Amino acid sequence: MVEVVNVVASGSLGVELDLEAIAGDLDDIVDYDSDKYPGAYFRFGDSAPLITLYRTGKYIVTGASSEEEAHTARGEFLNILTDHGILPSAEDEWFRVQNYVCMSEVGEKLNLSALAIGLGLEVTEYEPEQFPGLVFRPSEHDCVLLVFGSGKVIITGATSIRAADEAFDSLRKHVADLFS
DNA sequence: TAACTAGCTTCTTATATAACAATGCATG
DNA sequence: CATGCATTGTTATATAAGAAGCTAGTTA
């Protein structure tokens, strides 16, 4: 099993927006500086996900620890926009999770040099002087795994929890075959 | 010279290393 | 009171994805 630690999702309001006016109106929750970055940041609380809104009406949600939390943040975001008359209604827009960042562990300490050879040098990168984790890009899974000597594993780039689960499972099987 | 492409910026999150800064405490 | 060592804290390293906008480089 993998634990979701971060969810990145995106959607579109379908309308062009005046971010300067919105930032002025929602001064307490919106942070916008076009010289620094073209997106306007919406923060709903300290540990809540961050929503970045763009001129085009497209937006991204980052920092949610579940898909539900991402949806909740999006709902709050849409409500505030409709309440302030920025949006006529919150319908007819798409919203999709683009990236799941997950964490898990294999339950034993790992020799990463041996693991790199075992998994195959063409699908792994391990340069401990540059970064302590081994980068594993399994050819049969569409995500990337960072494997550490402690046995902890980060799975990122997955578009579903199932994909992350499957990728971690295959890593675990490789580890079991190699070190037993 | 114009159009296009590629790469970088911002942000989030776990993970683990080294290198560095800054501070605390003890000993001479 | 000054120096040395230890601890704590911050930053960098690397990963993925979305977004818009800027710059740099290439090509027609």
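Only this structure's heavy atoms are used, side chains among them; waters, hydrogens and symmetry mates stay out. Below, read A as the first sequence line, B as the second, and so on, with proteins coming before strands; counting in each chain starts at 1. From a predicted model like this one, the values you see are computed outputs, not experimental measurements.
- The nearest whole Å value for the distance from the CD atom in A:Gln98 to the P atom in C:dA19 is 7 Å.
- The residue A:Thr56 sits close only to the backbone: its heavy atoms come under 4.0 Å of sugar-phosphate atoms, none of a base.
- One axis for each end of the helix from B:dT1-C:dA28 to B:dG28-C:dC1, each built from five base pairs, and the angle between them comes to 60° at 10° resolution.
- Clustering of Ile, Leu, Val, Met, Phe, Trp and Tyr side chains at separations under 4.5 Å places A:Tyr37 together with A:Tyr41, A:Leu50, A:Tyr54, A:Ile60.
- For A:Arg137, the side chain to side chain donor-acceptor pair (under 3.5 Å) partners at least two apart in sequence or on another chain are A:Glu125.
- Between A:Pro138 and A:Leu171 there is no side-chain heavy-atom pair separated by less than 4.5 Å.
- Within residues 109-121 of chain A, no residue has any heavy atom under 4.0 Å from DNA chain B.
- For the ring-ring contact (aromatic ring centres under 6.0 Å, His included) condition, the pairs that include at least one residue of residues 61-89 of chain A, sequence neighbours left out, are A:Phe42-A:Phe77, A:Tyr59-A:Phe77, A:His71-A:Phe95.
- Residues A:Glu69 and A:Ser47 share a closest heavy-atom pair of OE2-O, 4.2 Å.
- Distance CD (A:Gln130) to C1' (C:dT15): 12 Å, rounded to an integer number of Å.
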Side-chain donor-acceptor pairs of residues 158-166 of chain A under 3.5 Å, sequence neighbours excluded:
from, atom 1, to, atom 2, distance (Å)
A:Ser160, OG, A:Ala163, N, 3.1

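- At whole-Å resolution of the value, CD1 in A:Ile51 and P in C:dA20 are 16 Å apart.
- Residue contacts shown for A:Arg137 are limited to sugar-phosphate atoms, with no base heavy atom under 4.0 Å away.
- At a non-hydrogen distance threshold of 4.0 Å, nothing from residues 16-25 of chain A comes into contact with DNA chain B.
- Along DNA chain C, the nucleotide closest to A:Ala9 and the one closest to A:Glu125 are compared, and the more 5′ of them pairs with A:Glu125.
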With sugar-phosphate taken as primed atoms, P, OP1 and OP2 and all else as base, the protein-contact string of nucleotides 8-15 of chain B at under 4.0 Å (heavy atoms; B, S, -) is -BBBBBBB

May I have the list of side-chain donor-acceptor pairs in residues 97-117 of chain A shorter than 3.5 Å, sequence neighbours left out?
from, atom 1, to, atom 2, distance (Å)
A:Gln98, OE1, A:Arg96, NH2, 3.1
A:Gln98, NE2, A:Ser10, OG, 2.8
A:Asn99, OD1, A:Gly157, N, 2.7
A:Tyr100, OH, A:Glu67, OE1, 3.0
A:Ser104, OG, A:Met1, O, 2.7
A:Asn111, OD1, A:Ser113, N, 3.1
A:Asn111, OD1, A:Ala114, N, 3.2

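- Side-chain contact between A:Leu13 and A:Leu53 is present, with at least one heavy-atom pair separated by less than 4.5 Å.
- By the side chain to side chain contact (heavy atoms under 4.5 Å, CB included) test, A:Asp33 is found to be paired with A:Asp35, A:Lys36, residues two or more places apart in sequence or in another chain being considered.
- Between A:Arg55 and C:dG21, a side-chain N or O to OP1/OP2 separation shorter than 4.0 Å is present.
- One atom, CG of A:Asn99, and another, P of C:dA16, lie 9 Å apart when rounded to the nearest Å.
- Every pair passing salt bridge (Lys or Arg N to Asp or Glu O under 4.0 Å) that includes a residue from residues 169-180 of chain A is listed here, sequence neighbours excluded: A:Asp169-A:Arg172, A:Asp169-A:Lys173.
- Within 6.0 Å of atom CD in A:Glu140, more than 12 heavy atoms from other residues, nucleotides or ligands are found, so the atom counts as buried in its surroundings.
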Contacts table for residues 14-31 of chain A: side-chain donor-acceptor under 3.5 angstrom, sequence neighbours left out:
from, atom 1, to, atom 2, distance (Å)
A:Glu16, OE1, A:Arg55, NE, 3.4
A:Asp18, OD1, A:Glu20, N, 3.2
A:Asp18, OD1, A:Ala21, N, 3.2

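- For A:Tyr126 and C:dT15, the OH to P distance is 15 Å, given to the nearest whole Å.
- If you take CZ on A:Phe136 and CG on A:Leu119, they are separated by 4.5 Å, rounding to the nearest 0.5 Å.
- A:Asp31 places its CG atom 21 Å from the P atom of C:dA19, with the value rounded to the nearest Å.
- For the atom pair CG (A:Asn79) and CG (A:Leu87), the distance works out to 10.5 Å, reported to the nearest 0.5 Å.
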